[in-house]
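This structure is a prediction, so every number in the text was calculated from the model and none was measured. So you know, we letter chains A, B, ... as the sequences are listed, proteins then strands, and number each from 1. Excluded from the calculations below are hydrogen atoms, water molecules and symmetry mates; all remaining heavy atoms, backbone and side chain alike, are included.
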Number of protein chains: 2
Amino acid sequence: MSPRTAPAAASAPAEMAETAEIAELASHLRLTIARLNRRVRQQAAITGEELTASSQAALATIERLGPIALGELAAVEQVQPPSMTRIVARLEEWGYVTRVVDPADRRVARAAITDAGRELLARSRTRKEAFLAQRVAELSASERDLLARALPLLERLQDDAP
Amino acid sequence: MSPRTAPAAASAPAEMAETAEIAELASHLRLTIARLNRRVRQQAAITGEELTASSQAALATIERLGPIALGELAAVEQVQPPSMTRIVARLEEWGYVTRVVDPADRRVARAAITDAGRELLARSRTRKEAFLAQRVAELSASERDLLARALPLLERLQDDAP
DNA sequence: TATTGTTATACTCTATAACTATA
DNA sequence: TATAGTTATAGAGTATAACAATA
């Protein structure tokens with residue numbers, strides 16, 4: 001079974017307190033995520049990061065899921081198809097992906113990563129000069145460990161249909 | 001002293017591995033934060049959340065730091081002054097804040113929260129129907145605890161000048 | 001002159017609606 | 001007809017540059 005628990009209602013005092021605590025945590029998380037995201041995006045613009053977070057996330061997914069249909073990619077990345085069309089068009093323009101029409105069903109366009117794309121991802125993953133990496137480096141080892149363990153939870157919060 | 005450590009360079013093999021791990025963590029964190037933020041924003045738009053994350057974050061800071069000058073508020077929220085002018089103008093329009101000109105220095109405009117603003121914040125903090133709150137509720141108690149402990153770290157990553 | 005905030009303008013990201021090509 | 005993707009268009013959020021008011 002899954003490690004998730006889903007309280008249906010809050011009746012006893014303890015459960016009500018828990019519900020309030022959950023709502024508070026969610027609210028706090030939302031604000032923190034938004035602020036941190038803004039900060040990172042701004043800093044990336046200033047220091048001339050190579051890709052925006054959306055483009056980089058799409059590229060990472062293209063690398064991970066091989067030649068992937070744009071519709072599927074849009075679903076994975078939680079954006080609408082037209083947005084993904086744009087993102088992939090730009091990645092292609094810059095030489096990080098290629099688009100191949102599926103021979104079996106010529107309506108389908110698949111995106112595949114290029115060597116340049118792979119190099120870019122590898123580079124960004126080891127960029128120790130980037131803003132966020134510098135900040136992470138300022139944490140203690142145990143704090144980084146805590147962050148690393150919390151990361152899968154953040155990913156799960158955004159996953160589709162539980 | 002602070003619990004932070006800042007390795008100046010990576011010379012020994014162990015340090016190099018650590019540096020790579022830090023960069024990887026930062027990269028992963030960036031992508032996760034961006035995706036989660038996108039998801040939350042999108043969902044908020046769909047379900048008609050009362051305020052966007054930026055506005056709500058600004059409002060929360062106005063509540064916390066009392067009548068605050070717009071420039072200071074912009075610095076705290078990590079946005080440029082013109083952006084904050086817009087955000088506060090909208091909050092004022094909707095009746096959640098008031099703007100008062102500082103009598104001592106009439107160039108300064110201070111934003112203060114209204115009763116309606118306080119009520120809105122309280123409401124949003126206990127909104128258990130919101131997308132993120134539902135997802136957080138699906139975590140186990142120990143997972144929520146982990147998240148709660150990681151949150152201050154995320155806040156510190158975005159703080160100014162280490 | 002220097003500082004605080006505003007106005008004017010533009011850019012990026014993303015969405016919805018309408019369209020094209022293929023099945 | 002139904003589906004995959006694209007084009008056209010619009011809106012939110014934020015930035016920079018130029019400006020006004022006050023010190």
Consider the side chain of [X], meaning its heavy atoms from C-beta on, and name the nucleotide among [options] that approaches it most closely.
| X | options | result |
| --- | --- | --- |
| B:S54 | C:dT16, D:dG13, D:dT7 | D:dG13 |
| A:S83 | C:dT4, D:dT16, C:dA15 | C:dA15 |
| A:L70 | D:dT6, D:dG13, C:dG5 | D:dT6 |
| B:I87 | C:dA15, D:dT14, D:dG5 | D:dT14 |

I need the [atom1]-[atom2] distance between [X] and [N], as an integer number of Å.
| X | N | atom1 | atom2 | result |
| --- | --- | --- | --- | --- |
| A:Q78 | C:dA15 | CD | P | 10 Å |
| A:E93 | D:dT6 | CD | P | 14 Å |
| A:Q43 | D:dT14 | CD | P | 16 Å |
| A:E77 | C:dA15 | CD | C1' | 17 Å |
| B:Q80 | C:dT4 | CD | P | 14 Å |

[X] vs [N]: side-chain N/O to OP1/OP2 distance below 4.0 Å:
| X | N | value |
| --- | --- | --- |
| A:Q42 | D:dT14 | no |
| B:R35 | C:dC13 | no |
| A:T52 | C:dT12 | no |
| B:R41 | D:dA12 | no |
| A:R38 | D:dG13 | no |
| A:R86 | D:dG5 | no |
| A:R99 | D:dA4 | no |

Residues B:R38 and A:E77 bridged, charged N to O under 4.0 Å: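 Salt bridge flag = yes for A:E77 with B:R38.
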Sugar-phosphate, base or nothing in reach of B:A89, heavy atoms under 4.0 Å: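 Here B:A89 touches no strand at all.
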Sugar-phosphate only, base, or nothing, as touched by B:R110 at under 4.0 Å among non-hydrogen atoms: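 B:R110: no heavy atom of the nucleic acid under 4.0 Å.
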Pairwise 5' ranking along DNA chain C for A:R90 and A:P81, keeping only the more 5' one: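 Its nucleotide being nearer the 5' end, the pick is A:R90.
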Under 4.0 Å protein heavy-atom contacts per nucleotide of nucleotides 17-23 of chain C, with B for base, S for backbone only and - for none: B----BS
B:T61 side chain to B:A57 backbone, donor-acceptor under 3.5 Å: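 Yes: the side chain of B:T61 pairs with the backbone of B:A57.
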Pair B:S142-B:S140, side-chain donor/acceptor within less than 3.5 Å: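 On atom types as modelled, these side chains qualify, holding a pair under 3.5 Å.
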Side chain to side chain contact (heavy atoms under 4.5 Å, CB included) assessment of B:I113 paired with B:L121: CA-CA 10 Å; B:I113 195 165; B:L121 280 182; 3.9 Å; yes
Value rounded to 0.5 Å, distance of CG in A:L157 from OG1 in B:T32: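 Reported value, rounded in 0.5 Å steps: 10.5 Å.
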Stepwise side chain to side chain contact (heavy atoms under 4.5 Å, CB included) check, B:L151 with A:L25: CA-CA 9 Å; B:L151 210 38; A:L25 176 57; 3.8 Å; yes
Side-chain heavy-atom pair A:L51, A:W94 within 4.5 angstrom cut-off: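 Touching, per the 4.5 Å side-chain cut-off.
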